[in-house]
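The first residue of the sequence shown is numbered 1, and numbering continues consecutively from there.
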Amino acid sequence: MKRIATGFTLIELMITLVVVAVLLTVAAPGFMSTLKTNAVQTQADLLLTTFNYARSEAARLNRTVIVCRSINGTACSSSSSWQDGWLVYEDVDSDGTVETGDGDTVLRVYDGLSGDFTLVPTSGFTNRVVYRASGDASTAGRFVVCPSDSDTAYAREIKINIVGRPRISEGVTTDCSASSS
């Protein structure tokens, strides 16, 4: 009975490893780019969801609903940055502050962006976005979600038009290193 040897020779194994290394070298940058694109898109989707929710609640409740930046999730803050967190609340008395004693209700609290992203608003949205009872926004503006390296090629822009409709677009030309205060 003759035994037949099965397996790889050392040369076959080395050639396979070289081919795998070349393929990984070519594919890795494209894969990293895809991961970065998806991470920024996920953060932009979170903000888009917030604005769609606030707009629909304003129309449903027939009241003013405000999205404002917040550190603690119970009150609006002008000293925090948008990427640190925000909340959505029903502003019953239209005074622009969260006061549960006058009927205001916090509808949702968001912890902010995960990772090292920045969120740069235009001047109209420095502290808050106001949706009227009709679902319209009090002003038009935009937010730019930027990756940690401030590469505008990956940034996403959330535009809110005067009728309150938010949408995401790519190809941002805004400087991502701008202050988001």
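Residues satisfying the side chain to side chain donor-acceptor pair (under 3.5 Å) test with Arg167, not counting sequence neighbours, are none. Not counting sequence neighbours, Tyr154 has no partner by the ring-ring contact (aromatic ring centres under 6.0 Å, His included) test. Every residue two or more places apart in sequence or in another chain that forms a side-chain contact (heavy atoms from CB on, under 4.5 Å) with Ser134 is listed here: Arg132, Asp136. Here Tyr131 pairs with nothing under the ring-ring contact (aromatic ring centres under 6.0 Å, His included) rule; sequence neighbours left out. Judged as a ring-ring contact (aromatic ring centres under 6.0 Å, His included), and not counting sequence neighbours, Tyr53 has no contacts.
At least one side-chain heavy atom of Thr126 sits less than 4.5 Å from a side-chain heavy atom of Arg69. Considering only heavy atoms from C-beta on, Ser169 stays 4.5 Å or farther from Arg156 through its side chain. Residues Pro166 and Asn52 form a side-chain contact, since some pair of their non-hydrogen atoms from C-beta on lies under 4.5 Å apart. For the pair Ile168 and Gln41, the minimum side-chain heavy-atom distance is below 4.5 Å.
Side chain of Glu57 to backbone of Ala54: no donor-acceptor contact under 3.5 angstrom is found. Within the 3.5 Å criterion, the main-chain N or O of Ser148 finds no donor-acceptor partner in the side chain of Asp116. The backbone N or O of Ala75 sits less than 3.5 Å from a side-chain atom of Asn72, completing a donor-acceptor pair. With hydrogens and angles disregarded, a donor-acceptor distance shorter than 3.5 Å links the side chain of Thr122 to the backbone of Arg142. The closest donor-acceptor contact from the side chain of Thr105 to the backbone of Leu107 lies at 3.5 Å or more, if one exists at all. For the pair Thr9 (side chain) and Glu12 (backbone), a donor-acceptor distance under 3.5 Å is present. Looking only at distances, a side-chain donor or acceptor of Trp82 sits under 3.5 Å from a matching main-chain atom of Phe125. For the pair Glu157 (side chain) and Phe143 (backbone), a donor-acceptor distance under 3.5 Å is absent. Under a 3.5 Å cut-off, the side chain of Arg128 and the backbone N or O of Val67 do not form any donor-acceptor pair.
Cluster membership check: Val88 does not share its hydrophobic cluster with Val92, using side-chain heavy-atom separations under 4.5 Å among Ile, Leu, Val, Met, Phe, Trp and Tyr.
Residue pairs meeting the disulfide (SG to SG under 2.5 Å) criterion with at least one partner in residues 54-136, sequence neighbours excluded, are Cys68-Cys76. The salt bridge (charged side-chain N to carboxylate O under 4.0 Å, His left out) contacts involving residues 84-101 comprise Arg63-Glu90, where partners must be two or more places apart or lie in separate chains.
Considering every non-hydrogen atom in both Ser80 and Ser70, the closest pair reads OG-N, 4.0 Å. Between Arg55 and Gly164, the closest heavy-atom pair is CD-O, 3.3 Å. Contact detail for Ala137 and Ile160: the closest heavy-atom pair is CB-CG2, 4.1 Å.
Hydrophobic side-chain contacts under 4.5 Å tie Leu35 into a cluster, directly or through other members, with Phe31, Met32. Other members of the hydrophobic cluster containing Leu13, listed by chain and number, are Leu17; membership follows side-chain contacts under 4.5 Å among ILVMFWY residues, whether direct or relayed. Members clustered with Ile71: none, using a 4.5 Å side-chain heavy-atom cutoff among hydrophobic residues. With side-chain heavy atoms closer than 4.5 Å counting as contact, directly or through intermediates, the hydrophobic cluster containing Val106 also holds Ile66, Leu87, Tyr89, Val98, Val109, Val130.
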For this session: Given side-chain contact (heavy atoms from CB on, under 4.5 Å), test Trp86 with Asp111 step by step and report yes or no.
Result: CA-CA 7 Å; Trp86 57 88; Asp111 292 331; over 6 Å; no
Problem set entry | Check against side-chain contact (heavy atoms from CB on, under 4.5 Å), Leu119 and Leu113 | CA-CA 8 Å; Leu119 188 52; Leu113 304 181; 3.9 Å; yes
Quiz: residues 19-28 side-chain donor-acceptor pairs under 3.5 angstrom, not counting sequence neighbours:
| unit_1 | atom_1 | unit_2 | atom_2 | d |
| --- | --- | --- | --- | --- |
| Thr25 | OG1 | Ala21 | O | 2.8 |

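Remark: Asp45 CG is packed, more than 12 non-hydrogen atoms of other residues, nucleotides or ligands lying under 6.0 Å away.
Here CG of Leu47 is found 13.0 Å from OG1 of Thr42. Values are rounded to the nearest 0.5 Å.
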